[in-house]
J.: 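Supplied in structure tokens, the structure appears directly below.
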Amino acid sequence: MKRQNSANVTGSPSRYFSTTQNQFGDILKQITHNCNNKPIKKASSPNPNGQLQKRIKTQTSCSKMPNQNSQNKKASSSVPKNRLEYYTIHEQIGSGKFGKVYKCVLNSTKKIYAIKMIDKQQLKKNQMNHQLQREVTIQQMLKHPNIIQLIEFFETATNYCLVMEYANGGTLFQSLMRQNNKRYSEPAASNMIKQVALAIQQMQKQSIIHRDLKPENILWSDGVLKISDFGWSIQDKKERDTLCGTIDYLPPEMVYGQSYDNSIDLWSLGVLTFELTTGKTPFQIQEGFALQFPDHLSGDVKDLMKGLLAEKKNRKSIDWVLNHVWLC
Ligand SMILES: Nc1ncnc2c1ncn2[C@@H]1O[C@H](COP(=O)(O)OP(=O)(O)OP(=O)(O)O)[C@@H](O)[C@H]1O
């Protein structure tokens with residue numbers, strides 16, 4: 001399913017940026033080319049018409065990858081061996097950069113899970129082992145009703161396997177696309193934003209930054225929203241400067257190559273609020289960060305978004321969000 005607000009982006013993202021005339025696009029182009037000279041990559045291959053199937057995603061590490069702490073090193077050296085025989089694998093339910101996600105059943109309990117099977121060779125070829133290591137380490141730490149739980153992690157001869165809690169309702173992006181005008185009513189959106197905010201609060205308590213919050217990475221499970229895909233997440237208290245995430249959701253400090261902290265997830269929450277209530281993301285890459293609201297929005301939701309879609313030093317906290325009248 002193609003995202004409407006990236007439908008005008010055809011061909012390779014680097015071509016798109018090279019034809020963008022304004023300063024904002026030029027800065028972003030410069031940032032990405034400064035980063036090991038790698039262009040921004042897209043999340044999936046163009047279809048035969050050259051149109052992107054998904055929102056453009058940055059996958060460029062700027063200047064340095066986060067330090068790997070001793071806990072991460074330990075995780076990599078002790079990957080449990082093949083436990084696939086304990087599961088029966090069913091149909092494919094999703095796919096990602098380096099692997100596929102299947103529904104599966106644990107034979108002993110008959111309980112349903114999702115298993116992400118990541119091709120070891122592909123991962124190694126793309127030098128992404130450290131990223132998987134981080135995803136696993138972080139997801140193992142997180143236990144919250146609004147976060148997909150990682151049940152176990154093991155390797156086979158060809159794959160790394162992440163067994164996760166199964167979300168049976170698809171992604172928030174898919175459900176959003178089914179709504180009239182591709183947007184939710186404010187009461188419905190408020191309920192969803194509160195759930196995502198509670199997950200962010202938990203992540204902040206554990207010094208975790210997700211760095212890629214968007215409707216495609218939020219899953220429905222029996223009417224409850226759960227954050228998934230911790231592939232870009234990091235844990236520690238240091239400020240960061242790695243450029244990653246999805247273009248429509250990038251905060252200004254990341255775009256302009258400044259250091260950032262866990263408040264980038266709050267920026268993403270602001271973009272998500274805008275998208276759920278209007279059917280569009282607030283900022284187009286060629287227009288910078290001028291915030292304009294459609295007339296139908298209430299004063300309360302606009303106030304919440306102004307608090308979140310603010311420059312880093314003025315951005316409100318997660319506690320402010322959870323006490324905001326629009327979420328009560
Ligand atoms: N726990 C789950 N329950 C149900 N479906 C899931 C689950 N985890 C992932 N999926 C499905 O698989 C898809 C891909 O999963 P995920 O985004 O984690 O993979 P990825 O390799 O990190 O993807 P990407 O390349 O977009 O970053 C999701 O969009 C979703 O449809």
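Both ligands and their constituent atoms are indexed starting at 1 by order of listing. FYI, side chains are in, hydrogens and waters are out, and symmetry mates aren't considered; it's all heavy atoms of this structure.
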J.: Going by heavy atoms, is S95 under 4.0 Å from ligand 1?
T.: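 Checking ligand 1 against S95, which is what was asked, there is a heavy-atom contact under 4.0 Å.
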J.: Can you find an N/O atom of K116 closer than 3.5 Å to an N/O atom of ligand 1?
T.: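 Yes, since at least one N or O of K116 sits under 3.5 Å from an N or O of ligand 1.
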J.: Applying salt bridge (charged side-chain N to carboxylate O under 4.0 Å, His left out) as the test, list every pair that has at least one member in residues 264-274; sequence neighbours left out.
T.: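 For residues 264-274: none.
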J.: Within this structure, what is the CD-NZ distance for the pair Q202 and K143, rounded to the nearest 0.5 Å?
T.: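 Taking CD in Q202 and NZ in K143, the distance rounds to 10.5 Å.
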J.: Taking only heavy atoms of A114, which atoms of ligand 1 are found under 4.0 Å from at least one of them?
T.: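 Ligand 1 atoms under the 4.0 Å threshold to A114: 1 (N), 2 (C), 3 (N).
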J.: Could you tell me whether some N/O pair between D229 and ligand 1 is separated by less than 3.5 angstrom?
T.: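 Yes; the residue has a nitrogen or oxygen that sits under 3.5 Å from a nitrogen or oxygen of the ligand.
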J.: Look at atom 30 (C) of ligand 1 and find which of L219, V101, D212 reaches it with the closest heavy atom.
T.: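 It is L219 that holds the nearest heavy atom.
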J.: W232 and C244: which non-hydrogen atoms are nearest, and at how many Å?
T.: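 So the minimum-distance heavy-atom pair works out to CE3-CB, 3.6 Å.
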J.: Going by distance alone, is a donor N or O of one side chain under 3.5 Å from an acceptor N or O of the other, for W220 and S175?
T.: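 Their side chains do contain a donor-acceptor pair, which is all the 3.5 Å distance test asks for.
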J.: Could you check whether K312 makes a cation-pi contact with Y260, meaning its NZ or CZ is under 6.0 Å from the centre of the six-membered ring and within 45° of the ring axis?
T.: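 No, K312 does not lie over the aromatic ring of Y260.
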J.: Using a heavy-atom cut-off of under 4.0 Å, does the side chain or the backbone of E165 touch ligand 1, or both, or neither?
T.: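 Within the 4.0 Å criterion, E165 contacts ligand 1 through backbone atoms alone.
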J.: Would a 4.5 Å heavy-atom cut-off, applied to side chains only, mark M192 and V196 as touching?
T.: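 Contact flag for M192/V196 side chains = no.
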J.: So for ligand 1, is A167 a polar contact partner (N or O within less than 3.5 Å, distance only)?
T.: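 Yes.
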J.: Looking only at heavy atoms, is any part of K97 under 4.0 Å from ligand 1, and if so is it the side chain, the backbone, or both, or is it neither?
T.: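 Answer for K97: both.
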